[in-house]
Amino acid sequence: MATSIVQKILSSNAGVAALALRVPVGIIFAAHGAQKLFGWFGGYGLAGTGGWMDSIGLSPGIVMAFLAGAAEFFGGIALVLGLLTRPAALVTSIAMVVAIVAVHLPNGLFMSNNGYEFGLALLAASVSLLFSGAGKASLDNVLSKRFN
């Protein structure tokens, strides 16, 4: 039973095409998560991001900043590696839905107005990986073969 669930999570018929999606999207997520968690790449870290999240009604802000940052940072790394891709894609999808609804939706589509187009593109990529899996060039593929 447990092996069957693990096999379903790790399996993929996506070929190598998923690699072209996984790696850049994973890098973007990991970098944004690092901004929230560690203040890297010009980010504000947990305290700054948490204060901002409190100010927009996502409370407690520091907890929400940690959850969003961890989903993006660790989910992004997992996507790059192709390791537990479906769970990583699920958590990054949830993070993008929250970002779109809580922050960007009222501003319209375009990024120039702080709109949701970038979040929507990342959501679409995450949902695609959730359905397709990691593909052949992934650690999921290596692990899947071990479970067979």
Side-chain angles (χ1 to χ4, degrees), residues 5-6 8-105 107 109-147:
I5 293 169
V6 170
K8 286 180 183 177
I9 290 171
L10 298 176
S11 68
S12 176
N13 293 322
V16 295
L19 180 67
L21 186 59
R22 269 192 6 252
V23 172
V25 169
I27 290 169
I28 291 166
F29 273 120
H32 280 268
Q35 288 180 312
K36 290 174 181 71
L37 292 176
F38 314 119
W40 297 352
F41 311 116
Y44 299 105
L46 275 178
T49 304
W52 174 76
M53 286 192 168
D54 267 330
S55 78
I56 64 166
L58 293 174
S59 296
I62 196 126
V63 173
M64 298 303 282
F66 174 77
L67 292 173
E72 292 176 3
F73 182 72
F74 294 109
I77 290 171
L79 291 177
V80 169
L81 297 173
L83 178 63
L84 299 174
T85 299
R86 285 192 167 100
L90 177 63
V91 298
T92 56
S93 293
I94 292 167
M96 289 301 93
V97 168
V98 172
I100 289 167
V101 171
V103 180
H104 302 289
L105 196 60
N107 301 319
L109 176 65
F110 297 104
M111 284 176 44
S112 59
N113 297 324
N114 198 28
Y116 59 89
E117 74 176 310
F118 184 61
L120 183 62
L122 291 176
L123 174 60
S126 293
V127 169
S128 176
L129 291 168
L130 179 61
F131 290 137
S132 73
K136 287 184 180 180
S138 67
L139 290 176
D140 282 353
N141 188 45
V142 172
L143 293 173
S144 178
K145 288 178 182 178
R146 289 201 171 211
F147 278 100

Verdict with reasoning, L83 to L143, per side chain to side chain contact (heavy atoms under 4.5 Å, CB included): CA-CA 9 Å; L83 178 63; L143 293 173; 3.6 Å; yes
Under 3.5 Å: donor-acceptor pair, side chain of S55, backbone of W52: yes
Close side-chain approach of D140 to S12, heavy-atom, < 4.5 Å: no
I27 CD1 to I77 CD1 distance, which is reported to the nearest 0.5 Å: 11.0 Å
Spacing of L130 atom CG and S93 atom OG [to the nearest 0.5 Å]: 5.5 Å
Where N113 and N107 come nearest, the two heavy atoms and their spacing: O-CB, 3.1 Å
Minimum heavy-atom distance S126-F29, with the two atoms named: OG-CE1, 3.4 Å
Backbone of L129 reached by a side-chain donor or acceptor of R86 within 3.5 Å: no
Point-to-point distance, once rounded to the nearest 0.5 Å, from OG1 of T49 to CD of Q35: 8.0 Å
Any side-chain heavy-atom pair of L120 and E117 under 4.5 Å: no
Criterion side chain to side chain contact (heavy atoms under 4.5 Å, CB included) against L122, the qualifying member of H32, E72, M96: M96
CG-OG1 distance between L90 and T85, expressed to the nearest 0.5 angstrom: 12.5 Å
Over 12 non-hydrogen atoms of neighbours within 6.0 angstrom of CZ in F38: yes
Nearest-0.5 Å distance that lies between atom NE2 in H104 and atom CZ in F118: 9.0 Å
From CD1 (I62) to CG (L67), nearest 0.5 Å: 11.0 Å
